[in-house]
Every structure is written in structure tokens, then in C-alpha cells.
Amino acid sequence: MTVTMTLLPIDLSIKQDGTADTAAFAKDVLEGLSRTNKKLSSRYFYDKEGSRLFQKIMHLSEYYPTRCEHEVLTGNKQDIISKFAGDSFFHLIDLGAGDALKTKILLRELDKQKKQFDYVPVDISGDAMHQLNENLQQELPNIEVQAVVGEYFKALEWLHENKAERKVVLFLGSNIGNFEDDESIDFLKKIRSYLNTGDKLFMGVDLRKSPDVILPAYNDASGVTAAFNLNLLQRINQELGANFDLTAFQHSPIYHPQKGVMKSYLVSTKAQEVHIKALNKTFSFDAWEAIHTENSHKYSLKQVEELGLTCGFTVEAVFQDEASQFADVLFTVK
Ligand code: AVI
């Protein structure tokens, strides 16, 4: 096995451990809390504590997406692999690979079938890529791994320039759902611009379903998702010297069945003022005023197909779990 690590030049607003640069974070917080309808970006959920809480969320009984995607990959791995692999060598590029728990379902099958490929996990976290390298060396020693530490687009650009062979890009976990509509189009169009005819994109999407299933997934009984949402205020306290009282804000998720969007808010339970030292500014909150913190889009298969077409992809195959709650969609470059 060959294991290599490529460190790409990183955007200075993001540090090696994945945390945001204080100046960029401060600017976004100032902008978001100065709006009439206050908002903070879900991009900032994932500091060390936020990442730990998200790992916990993925194991909650109410949080179905992880379980469903696991079922999709396990139940269809042979079919998926045969569609990825064809007869020629390819690069399997995993955007936001992390610990690659779900990707390993496919890697084991590719290894078993002795397919010609190398695995290119991409992540902003150097620590995560080191750990993954070590782990793969132990668990799947025959696989060629070329870990890339960097941002998605820098990594795709580097791959585009340096690797002429066929590419299959993975974007698992319905991360696409956390983008605004125009952001997801820009993101997929940009991915498309680094691919060639015949290359593929394999993307996880959470499907539309009963609000009775969706809502508890974002409002679990044990309060982990509430802690995950509130941690954003704790992060502002720690990194920007704010004095948010976490007991005076409440996690409040709402599902809009017409738009198919799960929206999370932090609602101020009383009139209060919060001072943020790094901004040298005090923000007023009315009683029951809300800060919007996250969108999680749920899609119909028709919407996913249209999104793909808009961005230069056609659907080659759709893999779903038994209850049709989640889909992994295989797109081919048009
Ligand atoms: C990372 N992302 C796909 C998760 C989601 O379902 O939108 C983040 C999350 N937010 C609350 N629970 C999980």
C-alpha cells in the first residue's frame, strides 16, 4: 500500500484544525446579528465540541439519515461498485471524508473485488486525514491512499491539473442540504467544472417524508441537538469574548413541509442584551426574538434530478433504503 498526504495551500480564514479564523468568524457574526432577522451560519457549528456533538447526533435513534445511508450503501454496495468501477482505473474522491465510516463500506467491497482505483479523501482537518491514513493502513492495507488536506475546490483543482484519469466524486451524508439553494447550485456547478465526460458524482440526499419523522430527528428527546445548536453561542462566548447566557436561549426547530426545509433557530426567552468584546458591540434581543442557525433541505427525487441537470449532471442510478427515506444518487457528467 502507498499512503501519501498532500497539503494544499489553505485559505487563511480556516485553520488546520478546521476552526475558523477569528477575524472571519467575527465578521460573519457581526453581519448576522446586525440583520433585522438575525442569523448565524451553520458552518460554525463544527468546532471541537460541535463535532463531538454531531458524532453523538449520528448515533441517536431519532436521527435517521445516518442509519438510512448506511443501509443504502450496505444493501447496494456491489451494484454501486460495479457502476463506479467499469474496467478502467479511477480516482475515488471523498469530499469531507472525516473518519470515512460510511465510505469504508464501499472501500471494503472495491478491495474485495480487486478494482483498479486509488482513494483520495479530502478534508480540511489534517488531524482527521492522519488518523484516517493510519486506520486504512491497518484495516485495508491493499488500498492506495492519497489523502489531501485542503478545501474541496482547491483539492478538485489540484486533482484536475495532476490526475488525468477518470474520477468518481463522493459527497455523502446530505451535506448538500445545509446549503442555500443558490449555494448548492454554485457548489455542484463548480464540481462539474473540474470533471470530464464520463466522470461521476455520488451524492447523499435526505428525501421528503412525514414531518413526524423529520422533526424529532432535529429535536431529540435527550437534547443533544439542542446542545449542538446552543454550542454556537458558547463558541461565540469563547472565541469572541461574548456573554451569551445559554440558559436564556432555546433550541427551536421547525419543518416547512411545502418548502421541504428543516429550519433551526435559537430563540431568546426574554428581552436581553449581549456584549461581544471582539466586536466591541452590544446586541439587543427582544423577548422571543429568534436567530436562524441552520437549514436542512429535504428533496423529492424530481428535485434532485433537476438540480443535477441545472449543474451539468444526469442521473445514472438512484439507491434508496427500504423505507425510501434517504437516497444516494449516482450522477454522470452530461
Ligand atoms: C451535517 N448535516 C447534514 C446535518 C443535517 O442533518 O442537516 C447537520 C445536523 N444538524 C442538526 N442535526 C444534524
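One-based numbering, in listed order, for ligands and for the atoms of each.
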contact_flag Phe45 ligand 1 heavy-atom lt 4.0 Å = no
Any Leu107 side-chain heavy atom under 4.5 Å of Leu136 side chain = yes
Nearest neighbour of atom 3 (C) of ligand 1 from the list Leu53, Asn178, Asn219, on a heavy-atom basis = Asn178
Using non-hydrogen atoms of the residue, decide whether Ser174 is closer than 4.0 angstrom to ligand 1.
-> yes
Contact between Tyr64 and ligand 1, counting heavy atoms under 4.0 Å?
-> no
Out of Lys39, Arg43, Arg35, which residue meets the salt bridge (Lys or Arg N to Asp or Glu O under 4.0 Å) rule with Asp28?
-> Arg43
Quick note on ligand 1: atoms under 4.0 Å from a heavy atom of Tyr46 include exactly 1 (C), 8 (C)
Check whether any N or O atom of Glu294, backbone or side chain, sits under 3.5 Å from an N or O atom of ligand 1, and answer yes or no.
-> yes
State, yes or no, whether a side-chain contact exists between Phe54 and Phe45 at a heavy-atom distance under 4.5 Å.
-> no
Kindly indicate whether a cation-pi arrangement holds for Lys38 with Phe285, taking the cut-offs as under 6.0 Å to the six-membered ring centre and within 45° of the axis.
-> yes
Aromatic contact, Phe228 with Tyr46 (centres under 6.0 Å) | yes
Does ligand 1 have an atom under 4.0 Å from some heavy atom of Gly173?
-> yes
Has Lys190 got its NZ or CZ under 6.0 Å from the middle of the six-membered ring of Tyr194, at an angle within 45 degrees of the ring axis?
-> no
Is Ser296 close to ligand 1, meaning an N/O of one under 3.5 Å from an N/O of the other?
-> yes
Answer yes if the ring centres of Phe326 and Tyr64 are under 6.0 angstrom apart, and no otherwise.
-> no
Is Tyr63 close to ligand 1, meaning an N/O of one under 3.5 Å from an N/O of the other?
-> yes
